[in-house]
There are 2 protein chains.
Amino acid sequence: MGISITKETKRLKTMLLHWSIAHSSFYNMLKVPEHQVAGHLAIDGKLGPLVDDSGRFYKPLQGDGRGNKELAFYESFSSDTRVPDHIRKYFPVCYGSQLLEASNGSGLLHHLVLQDIVSSHRNPSIMDVKIGSRTWYPEASDNYIQKCLEKDRRTTTVSLGFRIAGLQLYGGKESGYWRPGRKEVQSFTVYNVRSILRRFVSSNSSIGNENSDCSFAPSIYGGSAGILEQLLELKAWFEDQTIYHFHSCSLLILFDKESVSKGSASVPEIKLIDFAHVVEGKGVIDHNFLGGLCSLIKFVSDVLSDSKESSIKDCVESEKPGICTDNGNCQ
Amino acid sequence: MGISITKETKRLKTMLLHWSIAHSSFYNMLKVPEHQVAGHLAIDGKLGPLVDDSGRFYKPLQGDGRGNKELAFYESFSSDTRVPDHIRKYFPVCYGSQLLEASNGSGLLHHLVLQDIVSSHRNPSIMDVKIGSRTWYPEASDNYIQKCLEKDRRTTTVSLGFRIAGLQLYGGKESGYWRPGRKEVQSFTVYNVRSILRRFVSSNSSIGNENSDCSFAPSIYGGSAGILEQLLELKAWFEDQTIYHFHSCSLLILFDKESVSKGSASVPEIKLIDFAHVVEGKGVIDHNFLGGLCSLIKFVSDVLSDSKESSIKDCVESEKPGICTDNGNCQ
């Protein structure tokens, strides 16, 4: 059950339609996002999101109503005074919708116009983490629930309360990015996830293999502006907010490795994305999202504790999974 | 996957077998529990738990391996030094197992010997709250998962992250107990659950209907020894502990209404019960239990806030469900 679209938006959409048709040269500036780690890519004649040089991200409205649901969510969210300002910063800014030439050449199509979160980062390391131990919602059809349930059981969604849906890790100028394919990502086990949360904050350039330290953990995961503090701020909100249930949403976690390597101030970022399956909370907290978020927090805390309490050597992983003890250490 | 039974327990069981056969007159003292609100009752020739006058609760070991799993859990738990003392008090004391004449007349049967939690209460109001938005676990069979999923969707388990599995509310000397039948309990909606959490702490004697206040909320839910503080203490442990995943467990919440009415000190109690489906945590927190626990905490907090911030009148429920606002108030 989505949130209803207001008249104001319909008016805005019509206005934007006229504007975009009048400024068709604008399309020339659009391009395929360089750092998209999950979802459909706008390549090989396929439909996908586009970006421009001014920091905007154009996401085609999905046809089966999901696109309109996501637009409706952004409208509801942006005007909801119950959402505190310190929480708003975890959501991309939405500039409404716009008719654009679709990337698959199918003609004009409505696109959500969003803040391009990645544009302010030079060589971002990115993780797309889908939160929750179920991606379906009670009101969905039996078929949809069974389809989601099957994937939730196949991935770490059920066991961990979250799954990595995509990622790219920046090694350095020479090694570039490590970006595992969709099939590899979908087959990640609990052990792989723990490993990736360590490699994400590794100083090594050979980031694709497992011989990575986690020496950047204190500066990325830790500190007053670090990932852990941000996750805890979100958690406090989720313990109380009963406005929305965020099914199948992702947390995008990103930072610039080069800035950290050079010792310059770099603030790691967290943003919530993908709101096609948000439903009203109706006075109940989003316990599904909250449980998964707490699980992710525990994993991040474990990496941070290990990197602080022991030498870098202890943070380097062994090559085999081994046994994971209660404090999250794998032997 | 259960926790393995140690040799020590086997030895203990054999010893108890000999002891119980030698003291067969002991059986005469056993009786059907007066205040059991969920599970199988030992009446009409059925198999169920028994109690004695010394504060012990005898639970027949369920035949399909579940009984042994529960015994194995108690053994593992009682000897696990990672469990802090302030958490142990939320679990019944286990005195091993014992061969007893089963309540259904089928002969000698192993029983778990547990602390009878209710025995120290004179006229207890009790809620049995099954925690978690799923009662199944990933390693279970497809059939078992589908069966649980169906019930989880039919009850408030999926929507709320918990369901009330049974209850009795004490009204007073004249009105006695209100104990809804199993079918009624299984049909509880979100609205009913919110209503019962208010009625649980009502001073009224006509507790079976909805014209109840929630004026005992400050003394039962609130305060440093109240239900809310106890739930928060449990929550803090669940945010960190990765030893066990408690599937299909219940929180038993109980207090003596008469003591509160008379103004005498009465400490409301919380106990975790039913451990036949506990599995190893393997380094991951029990996000399923934690999410549901946080949802229950929010509900209890809402009742407490309402009772504190407004007059008793505002805490009295309206007769129709109405609309629930973000802060949990139903209009």
Side-chain angles (χ1 to χ4, degrees), chain A residues 80 82-83 131-134 136-140 142 145-146 149-150 152-154 156-162 190-191 193-194 235 238-245 280-299 301-302 323-330, chain B residues 80 82-83 131-134 136-140 142 145-146 149-150 152-154 156-162 190-191 193-194 235 238-245 280-299 301-302 323-330:
Chain A
D80 197 320
R82 293 170 297 179
V83 180
I131 306 287
S133 68
R134 62 174 158 82
W136 53 273
Y137 44 102
E139 300 85 351
D142 283 355
I145 290 176
Q146 286 303 327
L149 180 63
E150 199 206 319
D152 293 349
R153 288 177 65 192
R154 211 171 52 227
T156 64
T157 287
V158 169
S159 55
L160 280 190
F162 64 88
V190 174
Y191 174 74
V193 170
R194 197 182 294 277
K235 172 180 168 247
F238 272 92
E239 283 172 347
D240 192 56
Q241 78 86 12
T242 61
I243 319 170
Y244 303 111
H245 284 192
E280 290 175 20
K282 296 182 187 170
V284 178
I285 65 162
D286 189 352
H287 48 86
N288 176 56
F289 190 100
L290 178 58
L293 184 61
C294 289
S295 179
L296 177 64
I297 284 170
K298 174 69 173 157
F299 268 62
S301 304
D302 283 348
I323 298 155
C324 293
T325 62
D326 181 41
N327 63 5
N329 290 322
C330 289
Chain B
D80 197 319
R82 292 170 297 179
V83 180
I131 306 287
S133 68
R134 61 174 159 82
W136 52 273
Y137 44 101
E139 300 86 350
D142 283 356
I145 290 176
Q146 287 303 326
L149 180 64
E150 199 205 318
D152 294 348
R153 289 177 64 192
R154 210 171 54 228
T156 63
T157 288
V158 169
S159 55
L160 281 190
F162 64 88
V190 173
Y191 174 73
V193 170
R194 196 181 295 278
K235 174 180 167 246
F238 271 92
E239 284 173 347
D240 192 57
Q241 77 86 13
T242 61
I243 319 170
Y244 303 111
H245 284 193
E280 290 175 20
K282 294 181 189 171
V284 178
I285 64 162
D286 189 352
H287 47 86
N288 176 56
F289 190 100
L290 178 59
L293 184 62
C294 289
S295 179
L296 177 64
I297 285 171
K298 174 69 173 155
F299 268 61
S301 304
D302 284 348
I323 298 154
C324 293
T325 61
D326 181 40
N327 65 5
N329 290 322
C330 289

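So that the names make sense, note that chain A is the first sequence line, chain B the second, and so on, each numbered from 1.
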Can you tell which part of [X] gets under 4.5 Å to a heavy atom of chain A, answering side chain, backbone, both or neither?
X: B:Ile145; answer: side chain
X: B:Phe299; answer: side chain
X: B:Leu160; answer: both
X: B:Leu149; answer: side chain

Open item on the list: Check whether B:His287 reaches the backbone of A:Gly161 with its side chain - one donor and one acceptor, N or O, closer than 3.5 Å.
Closed with: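 Pair found, side chain donor or acceptor close to backbone of A:Gly161.
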TODO: Please confirm whether the backbone N or O of A:Lys282 pairs with a side-chain atom of A:Glu280, one donor and one acceptor, at under 3.5 Å?
DONE: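 Answer holds: no.
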Task: Salt-bridge contact A:Asp240-A:Arg82 (side-chain N to carboxylate O under 4.0 Å) - done: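 A:Arg82 and A:Asp240: not salt-bridged.
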- [ ] Go through the steps for B:Trp136 and B:Asp152 under the test side chain to side chain contact (heavy atoms under 4.5 Å, CB included), then give the verdict.
- [x] CA-CA 9 Å; B:Trp136 52 273; B:Asp152 294 348; 3.8 Å; yes
